[in-house]
Amino acid sequence: MTTKNHPFHLVDVSPWPIIGALAAMISMTGIIKWFHLLDPNLLLMGFLILSLVMIQWWRDITREGTFQGLHTYTVTMGLRWGMILFITSEILFFISFFWGFFHSSLSPSIEIGMNWPPKGIIPFNPIQIPLLNTLILLTSGLTVTWAHHSLIENNFNQATQGLILTVILGIYFTLLQAYEYLEAPFTISDAVYGSSFFMATGFHGIHVIIGTTFLLTCLIRHINNHFSSIHHFGFEAAAWYWHFVDVVWLFLYISIYWWGS
């Protein structure tokens with residue numbers, strides 16, 4: 001095709017989907033091998049291939065949207081709806097964890113002594129590290145909003161500062177949660193309380209790591225002048241995702257750390 005008389009983006013042939021699928025299969029096989037043989041080599045190889053695929057796939061998308069002008073208004077609207085539906089599916093994903101938690105906590109069964117938390121479980125103090133992590137995430141929500149408004153107003157330096165602060169706060173949150181896990185007086189195998197706690201907070205922690213990586217990628221793109229005041233959906237999607245992570249943490253803090261303890 002030498003000419004294009006439509007606003008849609010017909011993607012070129014790309015090797016990344018099939019290589020990404022193979023990398024995911026290698027990673028899954030590597031996890032099984034690690035569990036059974038305590039050998040993480042195959043898992044690390046799968047993660048390495050996945051990382052290389054993501055970097056090169058994102059590079060191609062950046063080229064298409066930033067330099068080749070293929071992300072028209074119509075394409076961008078499709079991306080927006082895709083992100084909205086993705087975040088909706090993530091909300092339903094976390095609802096399943098909250099459902100399980102409240103099902104077990106509102107009517108504790110006889111197997112756990114009809115108590116919540118179960119007898120022998122020492123829960124975390126909600127006004128220590130969990131409260132600090134809440135303040136960190138709320139502050140990061142402010143800094144990412146500051147970066148977004150600065151970008152809209154063409155203030156390059158303030159947008160950079162806001163993004164750097166958000167990434168630092170995301171890393172700080174992850175380090176504090178890792179420390180909390182190391183010091184936890186119970187494990188994931190300690191009755192339904194341990195399972196509910198580590199599944200819900202652990203998956204949220206994974207989402208924080210993904211969101212931090214998303215924002216770090218946006219920071220690198222911003223420094224390389226990939227965004228303008230009217231064309232920056234990549235950053236906007238990252239900001240939406242980060243606000244979703246913030247809101248989920250508020251529900252986790254109120255229900256599991258504070259009420260559930």
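One is the number of the first residue; the rest follow in order along the sequence. Note that the structure is predicted; figures quoted are calculated from it, not measured.
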Q: Compare every heavy atom of Ala200 with every heavy atom of Ile256, then report the nearest pair and how far apart it is.
A: CD1-CB, 3.7 Å

Q: Return yes if some donor-acceptor pair links the side-chain N/O of Thr72 with the main-chain N/O of Pro7 below 3.5 Å, else return no.
A: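 Yes, the answer is positive, given that a donor and an acceptor are paired below the 3.5 Å cut-off.
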
Q: Quick check: does any side chain N or O of Tyr241 sit under 3.5 Å from a backbone N or O of Met83, one acting as donor and the other as acceptor?
A: no

Q: For Leu43, is there any backbone N or O sitting under 3.5 Å from a side-chain donor or acceptor partner on Ser27?
A: no

Q: Look only at the side chain of Tyr181 and the backbone of Gly202, and say whether a donor-acceptor pair between them is shorter than 3.5 Å.
A: yes

Q: For residues Gly234 and Cys218, report the shortest heavy-atom separation together with the two atoms involved.
A: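 So the two residues come closest at O-SG, 3.6 Å.
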
Q: Of the non-hydrogen atoms in Ile19 and Ile49, which two are nearest, and what is the gap between them?
A: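 Distance-wise, the nearest heavy atoms are CG2-CG2, 4.2 Å.
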
Q: Is a donor from one side chain sitting under 3.5 angstrom from an acceptor on the other, for Thr187 and Ser189?
A: yes

Q: Classify the angle between the aromatic ring planes of Phe97 and Phe93 as parallel (below 30°), tilted (30 to 60°) or perpendicular (above 60°).
A: perpendicular

Q: Quick check: does any side chain N or O of Gln177 sit under 3.5 Å from a backbone N or O of Thr201, one acting as donor and the other as acceptor?
A: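 It does hold such a pair.
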
Q: Does the gap between the ring centers of His231 and His71 come in under 6.0 Å?
A: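 No, the ring of His231 stays outside the 6.0 Å limit from the ring of His71, centre to centre.
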
Q: Compute the ring centroids of Trp240 and Phe214, then answer whether they are less than 6.0 Å apart.
A: no

Q: Would you call the rings of Trp249 and His204 parallel, tilted or perpendicular, where under 30° means parallel and over 60° means perpendicular?
A: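 Plane angle between 30° and 60°, so tilted.
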
Q: Is it the case that the side chains of Trp57 and Ser14 hold a donor-acceptor pair, with the cut-off being a distance below 3.5 Å and no angle test?
A: no

Q: Between atom CD1 of Ile168 and atom OG of Ser140, what is the distance when rounded to the nearest 0.5 Å?
A: 12.0 Å

Q: Could you walk me through whether Phe186 and Phe124 pass the ring pair (Phe, Tyr, Trp, His ring centres under 6.0 Å) test, one step at a time?
A: CA-CA 10 Å; Phe186 55 90; Phe124 287 103; 5.6 Å; yes

